[in-house]
Amino acid sequence: QVQLVESGGGLVQPGGSLRISCAASGSIWRIGTISWYRQAPGKQREFVATITDDGNTNYADSVKGRFTISRDNAKNTGFLQMNSLKPEDTAVYYCNVQVREPLATIWKHYWGQGTQVTVSS
């Protein structure tokens, strides 16, 4: 089994910054793509950013130039640096991690528990 633990959310003023993390542990042979999604109240979960195992990144248009996704492969951890935050960035942020378990022939996707990010003055 694989566990994902997210951390780093909180309350920040408009224009401020936050960095959230997603640490994977458990039965892991290799980690593939790490992605971040978010879900605001009353809205569907939406894609935010993704990073492949070789470092290629992609972002939603709404966060391009403000958010940066990164990873530390040695620590099985993904990060989302969020700058110039806006009230419309308020949401629960979820990480999604592609994992290859030992002796497995397929990749599985796991979700984190979510971390609340609130942007408000």
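Start at 1 with the first residue, then count along the sequence.
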Could you go through residues 11-32 and list every donor-acceptor pair under 3.5 Å that involves a side-chain atom there, pairing it with any protein atom two or more places apart or in another chain?
{"residue": "S17", "atom": "OG", "partner": "N83", "partner atom": "OD1", "Å": "2.9"}
{"residue": "R30", "atom": "NH2", "partner": "D53", "partner atom": "OD2", "Å": "2.7"}

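- Here ring-ring contact (aromatic ring centres under 6.0 Å, His included) pairs that include residues 33-58, with residues two or more places apart or in two chains, are Y37-F47, Y37-W111.
- Under a 3.5 Å cut-off, the side chain of E6 and the backbone N or O of G114 do form a donor-acceptor pair.
- Heavy atoms from other residues, nucleotides or ligands lying under 6.0 Å from CD of Q44 number 12 at most.
- Distance alone, capped at 3.5 Å, is enough to place a donor-acceptor pair between the R66 side chain and the S84 backbone.
- Ion pairing between a basic and an acidic side chain is recognised when a charged N comes within 4.0 Å of a carboxylate O; D89 and K86 show no such pairing.
- Y93 places no side-chain N or O within 3.5 Å of a backbone atom of Q39 that could act as its donor or acceptor partner.
- In plain terms, the two heavy atoms of C95 and L4 that are nearest each other are SG-CD1, 4.0 Å.
- By the 4.5 Å heavy-atom criterion applied to side chains, I69 and Y59 are counted as neighbours.
- Between the side chain of T68 and the backbone N or O of Q81 there is no donor-acceptor pair closer than 3.5 Å.
- Across I51 and R71, no two heavy atoms sit closer than the pair O-NH1, 3.4 Å.
- The shortest non-hydrogen separation linking A49 to L80 is CB-CD1, 4.2 Å.
- A cation-pi arrangement, defined by a distance under 6.0 Å to the six-membered ring centre and an angle within 45 degrees of its axis, is present between R45 and Y94.
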In a table with atom names and distances, give each donor-acceptor pair under 3.5 Å that connects a side chain of residues 103-110 to protein atoms at least two apart or in another chain.
{"residue": "H109", "atom": "ND1", "partner": "N96", "partner atom": "OD1", "Å": "2.8"}
{"residue": "Y110", "atom": "OH", "partner": "E101", "partner atom": "OE2", "Å": "2.4"}

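- Side-chain contact of Q116 with T118: a donor-acceptor pair under 3.5 Å is present, judged by distance alone.
- Remark: the backbone N or O of K75 is paired with a side-chain donor or acceptor of T77 at under 3.5 angstrom.
- Linking Ile, Leu, Val, Met, Phe, Trp and Tyr residues whenever their side-chain heavy atoms come within less than 4.5 Å leaves V117 and V92 in two separate clusters.
- Linking ILVMFWY side-chain heavy atoms closer than 4.5 Å, directly or via other members, places V48 and V119 in a single hydrophobic cluster.
- S35 contributes no side-chain N or O that, together with a main-chain N or O of T50, makes up a donor-acceptor pair within less than 3.5 Å.
- Using a 4.5 Å heavy-atom threshold, the side chains of T57 and F67 count as separate.
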